[in-house]
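This structure is a prediction, so every number in the text was calculated from the model and none was measured. Residues: numbered from 1 along the sequence shown.
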Amino acid sequence: MSTEPDPKAPQAAEPTPTAPATEAPPADANTAEAPIPETPESLMQAATARITALEAEAAEMKDRWMRAEAETANIRTRARREVEDARQYAVQSFAKDIVEAAENLRRGLSALPPAADDEPDIITRMREGFESVERGFIGILERHGIASQDPTGQPFDPNLHQAMVEQESAAHAPGSVMQAWTASWTLHGRLLRPAMVVVAKAPATEIPAPDAAPADKPHLDKTV
């Protein structure tokens, strides 16, 4: 007898596979727990810390701003001073030449003979004319910031005077100007030409003459 199944006979339904049961993941302690409510004290501490940080940041920004403002002010001042110096001292080279002309005029006046009652009238008028020209010339120079100074009798100043020679003098204080060959000239306070001067020094003390040789003492015979 055949054991093959009848194809027409109804077949039993195959069981459907079931998915394996998965274990639920363990609950996270941080997510599982409810958030801790913030207390007024913690909120105040956080706000204070934030305020402190903002104040420090504001102080740093203010310090940077003040430094930048100071640097800008220094730049403006330096630029203004450079412009002013350029305006005042741009004619320094020309002023030196003008000063030389003024000194030559003074040398010409000094070359004239001293005034006397019986001098020729032409010499008197020449002297008066030269002196008038010199006064006008010096006035023009002073209006433009060029000034002269006679250092006679003043203490020697290496910034304004050029010592040509030292001379012993008891009538002048040591280190003072006893004679000025030329005046000192400045342009708005800046030296153009130093004065050529003779500086006084203390006179040398007289060296006392050596005492006369003592007389020969009598010779004592010490022989026995």
If I take atom [atom1] from residue [X] and atom [atom2] from residue [Y], how far apart are they, to the nearest 0.5 angstrom?
X: Asn74; Y: Arg76; atom1: CG; atom2: CZ; result: 9.5 Å
X: Arg193; Y: Leu187; atom1: CZ; atom2: CG; result: 13.0 Å
X: Arg125; Y: Ile122; atom1: CZ; atom2: CD1; result: 5.0 Å
X: His188; Y: His144; atom1: NE2; atom2: NE2; result: 9.5 Å
X: Gln167; Y: Gln179; atom1: CD; atom2: CD; result: 7.5 Å
X: Ile146; Y: Phe94; atom1: CD1; atom2: CZ; result: 7.5 Å

Are any non-hydrogen side-chain atoms of Met61 and Trp65 less than 4.5 angstrom apart?
no
Sub-4.5 Å side-chain heavy-atom contact between Ser110 and Arg106
yes
Atom of [X], atom of [Y] and distance for their closest heavy-atom approach:
X: Pro151; Y: His161; value: CB-NE2, 3.3 Å
X: Gln162; Y: Pro194; value: OE1-CG, 3.9 Å
X: Ala101; Y: Phe137; value: C-CE2, 4.2 Å
X: Ser184; Y: Leu160; value: CB-O, 3.7 Å
X: Ser176; Y: Ala173; value: OG-O, 2.6 Å
X: Leu191; Y: Thr186; value: CA-CG2, 4.1 Å

Considering only NZ, NE, NH1 and NH2 on the basic side and carboxylate oxygens on the acidic side, decide whether Glu100 and Lys96 come within less than 4.0 Å.
no
Answer yes or no: is there an ion pair linking Glu103 with Arg107, defined by an N-O contact shorter than 4.0 Å?
yes
hydrophobic_cluster_shared for [Y] and [X], side chain cutoff 4.5 Å:
X: Val165; Y: Met178; result: yes
X: Val198; Y: Met164; result: yes
X: Phe130; Y: Ile138; result: no
X: Val133; Y: Ile98; result: yes

Side chain to side chain contact (heavy atoms under 4.5 Å, CB included) for Met66 and Lys62? Distances and angles first, verdict last.
CA-CA 6 Å; Met66 293 181 66; Lys62 181 180 179 181; 4.0 Å; yes
Test log, rule salt bridge (Lys or Arg N to Asp or Glu O under 4.0 Å), inputs Arg64 and Glu60:
CA-CA 6 Å; Arg64 291 182 181 179; Glu60 182 180 0; 2.8 Å; yes
Any donor-acceptor N/O pair, Thr77 side chain to Ala73 backbone, under 3.5 Å
yes
Does Met196 offer a backbone N or O that forms a donor-acceptor pair with the side chain of Thr182 under 3.5 Å?
yes
Greater than 12 external heavy atoms within 6.0 Å of Glu69's CD:
yes
